[in-house]
Amino acid sequence: MTPTVSGLLLMVFGAFFVGGAWSFRQQKLPLAVQIIMALVGLAIFGYGAYVMFAYN
């Protein structure tokens with residue numbers, strides 16, 4: 001798999017996590033859960049961007 005494809009897949013996966021955090025916010029789940037979910041999503045998204053741009 002090329003770095004572009006794997007980076008984009010990681011970015012999409014991270015965006016799903018961030019969307020899940022937003023959904024948790026709308027459902028009024030605890031703030032700690034929302035923050036953890038958003039941070040995990042942003043970290044995965046950021047790593048995907050790193051892979052895509054650093055290895056291309």
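Heavy-atom basis, side chains included; hydrogens, waters and symmetry copies ignored.
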Identify the two heavy atoms, one from A38 and one from A21, that lie closest to each other, and give their separation to 0.1 Å. N-CB, 3.6 Å
Are F13 and M37 connected into the same hydrophobic cluster when the rule is that any two of I, L, V, M, F, W, Y join if their side-chain heavy atoms are below 4.5 Å apart? yes
What distance do L39 atom CG and I44 atom CD1 have between them, rounded to the nearest 0.5 Å? 11.0 Å
Treating Ile, Leu, Val, Met, Phe, Trp and Tyr as nodes and any side-chain heavy-atom pair under 4.5 angstrom as an edge, say whether F53 and L8 lie in one connected cluster. yes
Minimum heavy-atom separation for P3 and V51, please, with both atom names. O-CG1, 3.9 Å
Hey, what else clusters with F16 if you join Ile, Leu, Val, Met, Phe, Trp, Tyr whenever side-chain heavy atoms sit under 4.5 Å? V12
Distance-minimising heavy-atom pair for V18 and L42: CG2-N, 3.9 Å
Please round to the nearest 0.5 Å and tell me the distance separating atom CZ of R25 and atom CG of L31. 7.5 Å
Euclidean distance, L29 CG relative to Q34 CD, rounded to 0.5 Å: 7.0 Å
Atom OG1 of T2 and atom CE of M52: how far apart are they, to the nearest 0.5 Å? 10.0 Å
Shared hydrophobic cluster for V40 and Y47 (ILVMFWY, side-chain gaps under 4.5 Å): yes
Any chain of hydrophobic side-chain contacts (each under 4.5 Å) joining L9 to M11? no
